[in-house]
Amino acid sequence: MSSPFGTWPSPFSPASVATASPRIDGALFVGDEIWWGESVPSEGGRVTVRSSTGVEILPAPWSARSRVHEYGGGAWTADHDGTLYFVAATDQRVHRMPRGGAPVPLTPQGAAHGGLRLQHGRLFAVREDLTQDPHRRAIIEIPTDGSAHDDASRLSVIVEGEAFYAHPALSPDGTRIAWVEWSGERMPWQHAALMVSDGATRIELPTRAALQPEWLDDAELVYADDPSGRWALHRQRFEHLHAVGPAVPVDEVDADTGYGLWVLGNRWYRPLGDGRLVAVRTEGRDEVVLLDHDGAARVQGLPADGHVSVDDVSGTRVLLSGNSSTTSPGVWCVDVDSGEVTAITGAQPVDADWMPAPSELVVAGAHGDVHAFVYAPANPTASAPDGELAPYVVWVHGGPTAHVTGAASAAIAFWTSRGIGVLDVNYGGSTGYGRAYRERLDGAWGVVDVDDVIAAARGLAEAGLADPARIAIRGGSAGGWTVLSALVRGGTFAAGISRYGVADLRMLTAHSPDFEAHYIDGLVGPLPEAEALYVERSPLTHADRIQVPVLLMQGADDRVVPPSQSEAIRDALAARGIDHEYVLYPGEGHGFRAKETIVDALEREYAFLGRVFGFATES
């Protein structure tokens, strides 16, 4: 059947997209079961814990969600007997829930917790207390008997201060603990220290941007660091609390074992009991490798190839969660010796007729090569008239220190099945391509990212894959900033969709959480010295240059980018009579979680593009 791009009949409705692939939040071996965290869009994005037996472990209305460092992570863990420990979304206290029992609090009210880690029978967490001035953070050990539920003095404080902390790791004999810490002056991917303490003495290992320490035994620590410009694993021997010799790289390849430390639950590798390591390497896409004692690497042939987390190990079995270019997101259990791979949840093969594998696109940009993934329109029941070029939406990820991996998803198939292509761009500043690519954005936010998305869009059109007159741009948060900045630049995009996008840098700094208080210093410059640059770079300053239709969507409860940012752009567009729509979603924060919101947002985006590009739309 021949019909215009954008009008093809599709089985991917907004409702099916909202429920197709819940977010996976870690996985654990629990006795003979496997547990995993999973979002429930139909319940406002509540995060539950489920078992491979089919039982829901954490019942409604409880939700395991942390707000430590604003972005949280590591909100649940469990012991082998089936006792669940989790951070309650409502009050941010750590709770214990025995199998078949009710949750009881383990920590006092007033502070947020996250990064939970149960090690050798001891429960550790990262704590953040924003009620004190200055704000205080700590790594704490929490008694599991409930004795500290209303008495903070019963908590053991490992380290405390104004710094940020992550990844507590206890030695097998329980005498030493390692962790990562960084000051608020720099982000953890710029510099993070690796600390080791025996309770009386504390030492700092010479690192550049340390991640995820793990003890192999009482005398050897493994961690990730990027002295060469790529995160790689290193081994450090110890004698008591003294480092013996320099750290030794485990393997050094042109890929990263590590990622921007936005959340506390990610794990990029795990030691097996025999000293071998299972690790993720990222160069655009992910691959999982088994590292032998001599550093030799064996690639594991797995579907998981995007944002993979090595969540747990048991003998030679490994639990992985993440995305895939050939299946839906999921949890996999892999036996690294036998090669057996079992899908635990999700991980359903996609129909290649509806969701073809994305192709990698590399185009020459003003600042070097630009990496992106192309998802061409695909529908086995429809085709476009001869000679018609496809409309495309350029997706811009947030962060801006994030990256996309070419994952299959119903969210992308929603567009491609209707005859609208998607170009997902890893602009300069993205992780996944090394420090040099990431640092391309230093001092140049609003310049390099905009140049790169424009270069990618033009490269797509010049290759004859997209209609140059029908390319839109879409992004959220920092991606929304790039959307608005690209529309200000003009000349490439026929429309823009901004989800909770940054419009005014000075307004953003006024609302930035502690974690990001100095982030923009590196991306643009410090205040007040760089105030003129903040004004010049902000899309709001030049909103009079936006000449194309804009759809603005915003969470009413967003604390990172509050509604005032989107509303300022809305007012500027309205004053000039520029075609625009503004939607405010009550109850939503920085990122849309509720099913109703996801459905409404998709319906509005599709209708908006149909109106702008001139095709009839039906969801």
Under the 3.5 angstrom rule, does the side chain of [X] hit a backbone N or O of [Y] as a donor-acceptor pair?
X	Y	answer
R270	D311	yes
R46	W62	yes
S183	A163	no
R435	Q190	yes
S66	A112	no
Q212	A224	no

Distance only, no hydrogens: is a donor on one side chain within 3.5 Å (strictly under) of an acceptor on the other, for [X] and [Y]?
X	Y	answer
N426	Y437	no
Y534	T509	no
H307	T405	no
Y582	E567	yes
T207	D225	no

Check: [X] ring centroid to [Y] ring centroid under 6.0 Å:
X	Y	value
W262	F515	yes
W445	W481	yes
F238	W215	yes

**OP:** Could you go through the side-chain contact (heavy atoms from CB on, under 4.5 Å) check for R50 and V40 one step at a time?
**Re:** CA-CA 11 Å; R50 301 191 188 278; V40 187; 3.9 Å; yes
Does the distance from a Lys or Arg side-chain N to an Asp or Glu carboxylate O, for [X] and [Y], drop under 4.0 Å?
X	Y	result
E33	R99	yes
E181	R137	no
R438	D226	yes
E516	R559	no

Quick one: pull up [atom1] in [X] and [atom2] in [Y] and give me the separation to the nearest 0.5 Å.
X	Y	atom1	atom2	result
H113	D91	NE2	CG	9.5 Å
L130	H135	CG	NE2	5.0 Å
S309	D25	OG	CG	9.5 Å
T482	D449	OG1	CG	3.5 Å

Original post:
Between Y223 and H234, what is the ring plane arrangement, given parallel below 30°, perpendicular above 60°, and tilted in between?
Top reply: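 The arrangement is parallel - the two ring planes meet at less than 30°.
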Original post:
Please walk me through it: do W182 and H69 pass ring pair (Phe, Tyr, Trp, His ring centres under 6.0 Å)?
Top reply: CA-CA 12 Å; W182 64 97; H69 304 169; 5.8 Å; yes
**OP:** Determine whether P563 and L584 make a side-chain contact, defined as any pair of heavy atoms from C-beta on separated by less than 4.5 Å.
**Re:**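 Yes, at least one pair of side-chain atoms sits under 4.5 Å.
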Original post:
Which is it for E536 and H542 under the side-chain contact (heavy atoms from CB on, under 4.5 Å) test, yes or no, and what are the steps along the way?
Top reply: CA-CA 8 Å; E536 174 59 28; H542 307 290; 3.4 Å; yes
**OP:** Step by step, work out the side-chain contact (heavy atoms from CB on, under 4.5 Å) result for Y85 and R96.
**Re:** CA-CA 5 Å; Y85 300 90; R96 181 190 71 239; 3.5 Å; yes
